[in-house]
Amino acid sequence: MDWMQLQRLAAEEAAHGPRAGPRAGSEAGPASGAGDPAALLEGLNPEQRAAATHPGGALLILAGPGSGKTRVITRRIAWLVATGRAQAWEIAAITFTNKAAREMRERVEQLLPARGAWISTFHAFCARLLRREIELLGTHTRDFTIYDTSEKNQLIKNLVKELGYDATRFRPALLGGWISARKNRGREAFEAAAEAQAEEQGIEAEVLQQVERRYAAALARNNALDFDDLLLQVLALFERQPGVRDAYARRFRHVLVDEYQDTNRVQYEIARHLASHHHNLAVCGDPDQSIYSWRGADIRNILEFGRDNPAARTVRLEQNYRSTGNILRAAEALIRNNAGRQDKRIWSDKPAGEPILVCECADEEDEAREVALQVRALQARGQRLDGIAVFYRVNFMQRALESALRLARVPYQIVGGLEFYDRREIRDLIAYLKLIVNRRDDLAFRRVVNVPTRGIGEKSLEQFSAWAAARGLPLSEALLHDEALAAIKGRARGGLQAFRELLVRLEPAQGVDAAVALDLVLGEIGVERWLGEMDDESGVDREANIEELRAHAAAWDRMSSELARALAEVETAGTTASATDGAPDADRPPTGLRGYLQEIALVNDTDALDAGSGKVTLMTLHSAKGLEFPVVFLCGVEEELLPHARALQENTSADPEAGVEEERRLFYVGITRAEERLFLTHCQQRLHFGQTSFCSPSRFLDELPKEVLAGGASDGAGDQDDGGALGVYEPKTPDATFTEGERVEHDHFGRGTIVRLQGSGINARATVRFPAHGEKILLLQYAKLRRVAKG
DNA sequence: AAATCCGCGTTTTTT
DNA sequence: ACGCGGATTT
């Protein structure tokens, strides 16, 4: 989200080289001894060391939460290079999120002078590979566009309409989901299931198939790939072109895959192909943290790794260096309720620490206020805000938390939750950029052909696109034919002509830096008029957004060219191996406009959260995986939310617990992010779709041992004064000062009657009906209410 | 072709 | 409650 931050980062990077990672402290050890193998192993326990120094062959690292997994992988990479077992560029390390990739890259760079290892997500890895090789498949050029989910839905919607179906009944997002599901899991295996499910929703299998076929064709026509295709096309390439497969398999002497429990079938196969020559495949993961089955992740990949690779060495990292005893105990007690897991110990020699606090709140506003107040209290006791995280199950919960934090003047940053790219002006500009790079992108064409308005309406556009379709031409190419325009009448023809000339003028932008291309577009389209015609009474500052985009693009240009320079040095200094040996010829991440587009397609801007930001971090539980914070708040620990109602539906008859168990793992992931303090909150009621619905505490709360909870049994120590903890929490005593129905007086509103009392302690509130002002909800802590005599 | 109005789905989770 | 898309106006 914070674009200025990225810009600053870029500046720093240019000035001082890579900055310290979020957990810089943990890598203090061998920084000085970079390249010295012995120094690289400093501070590792025997298991960690065994994993880091496994010489080759298959390696399975079963890593409990907080067991130093990232540390082991980064040290391993450095160790492989330092001991001459691999060149940096012969290593592929694959992560699941961009955050993880970024962190790993930074930490490896601290240990290792040489850059050049491919450290990225599966998707980024595949995109990079396809930029070089996709033309071998014959369907796309290397300038292919990557469609994100909303672009994909838009395309599907167009197709549904073209087929003459009603897009409200056949909802594009649903269709897209099924198409994606089919691509990701074994295609045949899932086919029947998806169709059955579709039928249930009143969508005929035939429609699904039709749309699916058209969608695949449209992607090819537009020279575009969706997220799933990035993976699938790599697999197709490897399968159809064994030579290419072998070249990469030879080149990547060592392949490492993190979060292996979350790989899907396609990713599994890609990893196997990559390791098919040297067989040095190291995977790392924790079956108890598998939380992506909805995305096709197959937990069997990790459970059966040993079966796939009989010679595999298994290393278990069980010592937890992160959390206090209480937190760890809670996590362990919880996860034990999952059936059929390998019994894995996690242990720590840390003291029990503070108890876990469970807080019942009246509603989501109350909950958010509670979090804000606790944050302030912690801050007053010297807790840094960037050591605090707030997690929630679903994105919509973000709102209440945000507004409470804003009200309490607590600075915060949000991870995930798209926002920025959803803004119209940003999407328009990006569509222009995409169209410049990939002239076949009809989706982008349609988006911007009338932006700013050129008098081109739906009717004339359909007429025009019919002409193009009849000849199998992309829209931007059809535009060059006078014959196509001749058929269009009125104002629209002039508009199309103007657009044609515009595209011609934008042509030179193809090879330039992103910021330069953006400026060219902005200069050509006439920002004034464009902004003028977008309704601005909503108060959104579109000009500022555009400015942010420019700053972001400029920052990216600087960073990528810097990186390219560094890599060029590696190349000239390093080996002269030929291309057939998989040497890093032309092996640089894309730069310029093309690179920028790839970047923003794959990297959510909010991935770059800043550890030194001085801000509280908000994110979903899914985003939280792999991170750690001294203080964690976990909100909405309620039935229907955690476990989520939808997950409960997915308890199939075959596996009646599957849905709940994944939700339990999600909770487990959340708990184990906390180092010192953990707060769990749940509400009595919550606003859902504008309606209040009642909530009961999550079943998972009952699975936590009472002894680790504040106010829990035994422990002897005074839970009651609660001061044993940070002294933060107010005891939950009912506020006896007022009773419902009582007459009270308020400084501002005058006299009224208490309708309702809610909450307690610092959250005690009264709903008071004032004759002159209606009903008001007052925080008793602040509102000075006086009891008045009746009559 | 743009402006306004109405009804419906939204809220799992991410690349 | 809200925003989007479709349908209806002007």
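Sequence lines set the chain letters: A, B, ... in the order given, protein chains first and strands last, and positions in each chain run from 1.
- Candidate nucleotides B/dT13, C/dA1, B/dT15 were compared by shortest atom distance to the side chain of A/Phe689, and C/dA1 ranks first.
- Candidate nucleotides B/dA1, B/dT11, C/dG6 were compared by shortest atom distance to the side chain of A/Thr168, and C/dG6 ranks first.
- Distance from the side chain of A/Arg399 is smallest to C/dC2 among C/dC2, B/dA1, B/dT13.
- A/Lys459 has its NZ atom 14 Å from the P atom of B/dA2, to the nearest Å.
- Classification of A/Arg446 and A/Glu458 as a salt-bridged pair fails, no side-chain N sitting under 4.0 Å from a carboxylate O.
- Relative to the side chain of A/Thr121, the nucleotides B/dT15, B/dT13, C/dC2 differ in distance, and B/dT15 lies closest.
- Applying the 4.0 Å criterion to OP1 and OP2 of B/dT14, one finds that A/Ser623 has a side-chain N or O inside that range.
- Which of B/dA2, C/dG6, B/dT14 sits closest to the side chain of A/Asn450 comes down to B/dA2.
- Two residues are said to be in side-chain contact when any heavy atoms from C-beta on lie closer than 4.5 Å; A/Leu235 and A/Leu231 fail this criterion.
- Residues from residues 154-162 of chain A with heavy atoms under 4.0 angstrom of DNA chain C, sorted by number: A/Lys157, A/Lys161.
- Residues satisfying the salt bridge (Lys or Arg N to Asp or Glu O under 4.0 Å) test with A/Lys152, not counting sequence neighbours, are A/Asp228.
- For A/Asn395 and B/dT14, the shortest distance from a side-chain N or O to OP1 or OP2 is below 4.0 Å.
- Of all nucleotides listed (C/dG6, B/dT13, B/dT15), B/dT13 comes nearest to the side chain of A/Trp294.
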